Structure formats: C-alpha cells, structure tokens
Amino acid sequence: MTTFTSPFSGNVIQPTDVSYRSISLTADNQLTWPINGSPTDDAAARIMDVSSTSSTGAFSLLMPPANQTSVGQDALIRNTGSYSFTVKSYLGASTIATVAPSTTVYIYITANSTTSGTWGLIQFGVGSSNVDAAALAGYGLKAISSTLNTAHSVTTFSSAYTAVAADRASSYVWTGGAAVLGLTAATTLGNDWFMLIRNGGTGTLTVTPASGLINGAASIALQPADSCIICCSGTAFFTVGLGQAAQFNFTQLTKAVVTGTYTLTSAEASNVVQKYTGTLTGNVTVILPPTIQVYYITNQTNGTASNFTITFTTNSGGSVATVPAGQQATLVCDSVNLLNANTVLAGASSISLTDGNVAVPALNFSSETSTGVYRAASGEFNTAILGVLRSTLSASGLAIVGTGNFTGGVLGGTF
C-alpha cells in the first residue's frame, strides 16, 4: 500500500478536505479529489447528500482514483432522493455499494495500488440509529428492554364473541359450555391475520366466519381440549395444527345410581362406554355435556317392580333418550339432541315403539310407510293399509273394517 508523506513534516498527505456536498445525479457523475490544480469542481466531499433522477437506478456516483490518495480516505454518502443509485470505483470499474432511498453508506479505501483500489463498506441504518422498541410494538409484539419480541396475550372468555382485527396474534381460551366464536369477514381482516384458539370449556365451540369458509366449510366444531391457529387469506380461513382430543382407545365409566339427577364431569363423559349399576328407587336423569359424541350405554341397574328407567339429556332443550333397566343403547349426541342409534336393542327383553297413527304406522315398510301397525288408543292394536284402518284388536276381540274373504271357511261362533 502506498501513502503520500509531506517532505516538510513527514506526515501523511490527504487531499484538501471539502467537508460537505449536495449532489443531484442526472447522469453518471465522475468525482475528483479536491487537490490543487483539479480541472473540475466535481470534488468528492467527506459527507455527501445525493439524489438521483433515474427511477430505474441507472445512474452512478464514480469515486476518484484510489491511487491518488492514502488508504483510509473515506466518505459518508446518504441517499436523500426517492430512487436508488450506485457508488462505483474510478471510471465505474467496480461497484462499491448500491444506496437505497433514505439509507446511508460509509466507504473507505483499504488498498490503493490501482486507480479502482479496494474499498471497505459500512451500511448505516435507516433513519435514527436509536429507536424506541415500545413505540414500534404492535399486535403480536412486545418490547423487552430495547428489543422487540413476539407475544401472544391470553384472553379467557365464556360467552359468545366475534374476533376482530385487533385480536391479531392473540390467544383465546374458551371456558364455557356450547357456544359460537364468530370471525369478522375475511375480506375485512385481510391476508396474514391470525389468532390462536383453545377450547378449555365443557361444550362444543363452533367457529363461524361472518363471510368466507373455514377449512372449506361454513364452520368447524372444536371439542373440549381441541386447539388450533386460525389463519386468514383475505378471502377464507384455514386452521393450522388443529389438535383434536380424539380417543382411539375406549374407556369405560362404571357409575352407581339410585334416583334423581346426575351431571357427568368432563372426565366422566370422556368415557365412550358407560355402565350404570345399582338398585333404583326412582327414575334417574343423567346430564351429558353438550358436545358431539357417541356413547355406548348399558343399564345394568335393578329397575325394581316399578320399572324405573334412566333418561339421558344434554339439558339444551333437545331430544332425550330413555334406557330401561337391563337394556343397552347406542346414543348419538349432536351437542343438543340425544338420539338412539339402535334399530334393535341387542340383548333387550323387549322392544318399545312409538304409538304412530293411521297415516304413518309405528311399524311400517320403507317402500310403503302408510302400511303397518300402530296404537290408536289404550288397549288397541291397529293395522293400516295405505293409510286406511283395516282392523282393531282389543280386549273385546277383533274388529275388521271392510268385507272379508275367508277361503278356508270360518269355524265356531255365532254369525
């Protein structure tokens, strides 16, 4: 490396220091060192504010020959314009830096054996070098000392709620029974909005967007202990990491009952197979959580001579299912209604039918539902053909409606 020293003092000679210049690039601009006898006034200053008129970043600021000065010669260059420009070595031989709008670079010579030389580069930050992290913290960010850190604040809720834009990056934990979590329209929330949700309650939490689908459906159901991240694309919603508390092994609840009402806990209701034992002194009601589930029920209680039963309900105003003592049933819960999925109760001592009517008999045929048997009144067994009463069997005998054709004759009795 070559340096230039004064013959008078022996100190390193640097070009005359022009401290500041403002430069507007309308074309490539070749700079010179501000030394005596310079043929131009286009001198390189130690501090230069530069703007470019080229929207494509085509213009360059060309530094003077590196071999005309000493190593360590430097310049601070700030882009004060709206377009990028390039800082290059002498005659554009090599690129030193590309300076984007509102950014600053500090360059210095590290080798000066050629006109292009070797340049060091330090990229300065945009704007102020000391920022207030708390002032920059938005949704999902938290200032800790002078740094920004991700944060997902936790909010528990137990009543119906609609998530809004301000819920970005928040964590919500449901603590109630069955309810609905609404989502503001996907077009309003926009692409990249998200929230974290967990069902920590006892009932089904149904997530329903105001507009747009979620996972391709109008809504999704989160069972207790389910959790996921809900992401918005600007037109629809999707879940990421939908953790479902699905039980692949059946567990059994054995519960002794006597009379009155029993409300199952979440832990008890998580048992798909449930066996009820004991000697009943009155009818029993079992309240199940309002969740989507299938239960295999066996009533092994002693109903006594009064034939006491067990009725299952969700207490949500829907259908209930009654299982007599000594019988079994498969119950399907849709979070409101309890429906008996059995057409025949295996191992049951009897089969119970609804009364039905002449138009729709209780026991009918799938291809002709108006033909079958029904119970029109107490102590009667009735038959219907195409919705018309044809016979009634009661304690007093058999009454046939219409004419009869007895091909084998009629024996006994008075006619």
Side-chain angles (χ1 to χ4, degrees), residues 154 156-160 171-181 196-208 215 217 219-230 239-278 280 283-301 309-325 327-342 345-347:
V154 178
T156 58
F157 68 115
S158 57
S159 58
S171 299
Y172 274 76
V173 179
W174 171 249
T175 60
V180 174
L181 170 65
L196 291 72
I197 182 69
R198 175 180 174 81
N199 186 351
T202 58
T204 300
L205 180 64
T206 302
V207 181
T208 305
N215 288 354
S219 64
I220 61 170
L222 301 181
Q223 303 300 332
D226 286 359
S227 62
C228 67
I229 301 173
I230 299 175
T239 62
V240 176
L242 179 56
Q244 296 181 306
Q247 296 185 350
F248 295 97
N249 56 317
F250 284 1
T251 55
Q252 177 176 279
L253 167 70
T254 300
K255 192 173 184 68
V257 294
V258 179
T259 186
T261 301
Y262 297 81
T263 300
L264 297 190
T265 65
S266 295
E268 289 178 322
S270 66
N271 295 275
V272 175
V273 179
Q274 298 181 5
K275 179 172 68 176
Y276 293 86
T277 61
L280 302 185
N283 289 325
V284 169
T285 298
V286 174
I287 301 176
L288 296 167
T291 63
I292 300 173
Q293 184 61 282
V294 175
Y295 300 99
Y296 301 94
I297 304 296
T298 173
N299 183 349
Q300 297 187 13
T301 63
T309 62
I310 301 178
T311 298
F312 295 87
T313 178
T314 63
N315 261 6
S316 298
S319 301
V320 301
T322 299
V323 182
Q327 295 192 15
Q328 300 80 38
T330 301
L331 303 184
V332 177
C333 180
D334 63 3
S335 81
V336 176
N337 302 289
L338 276 166
L339 307 173
N340 193 332
N342 292 94
L345 300 180

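The shown structure was predicted, so the numbers you read here are calculated from the model rather than taken from an experiment.
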Practice task
Verify, without hydrogens or angle tests, whether T277 (side chain) and T301 (backbone) share a donor-acceptor contact under 3.5 angstrom.
Solution key: no
Practice task
Return yes if some donor-acceptor pair links the side-chain N/O of D334 with the main-chain N/O of N337 below 3.5 Å, else return no.
Solution key: yes
Practice task
Give me the one residue out of Y262, Y296, F312, Y295 that meets ring pair (Phe, Tyr, Trp, His ring centres under 6.0 Å) with Y276.
Solution key: F312
Fill in the blank from the handout: In short, R198 meets A225 closest at the heavy-atom pair NH1-O, 3.4 Å
Fill in the blank from the handout: All heavy atoms of P324 vs all of T309, minimum pair found to be CA-CG2, 3.9 Å
Problem - Where C333 and T291 come nearest, the two heavy atoms and their spacing - result: SG-O, 3.0 Å
Problem - Donor-acceptor contact present, side-chain T314 to main-chain V336, <3.5 Å - result: yes
Handout entry: Within-4.5 Å side-chain heavy-atom neighbours: L222 and L242
Key = yes
Fill in the blank from the handout: Looking only at heavy atoms, the pair that brings S335 and S316 closest together is O-OG, 4.0 Å
Exercise for the section: Please report the shortest heavy-atom distance between P224 and G201, naming the atom on each side. Expected result: CB-O, 3.5 Å
Fill in the blank from the handout: Exactly one candidate in T313, N340, T311 meets side chain to side chain donor-acceptor pair (under 3.5 Å) with T322; the answer is T311
Problem - Between T204 and Q223: side-chain donor-acceptor atoms closer than 3.5 Å - result: yes
Completion exercise
Note: T202 and G177 closest approach over all heavy atoms is OG1-CA, 3.7 Å
Exercise for the section: Could you tell me whether a side-chain N or O of N299 sits under 3.5 Å from a main-chain N or O of Q327, the two making a donor and an acceptor? Expected result: no
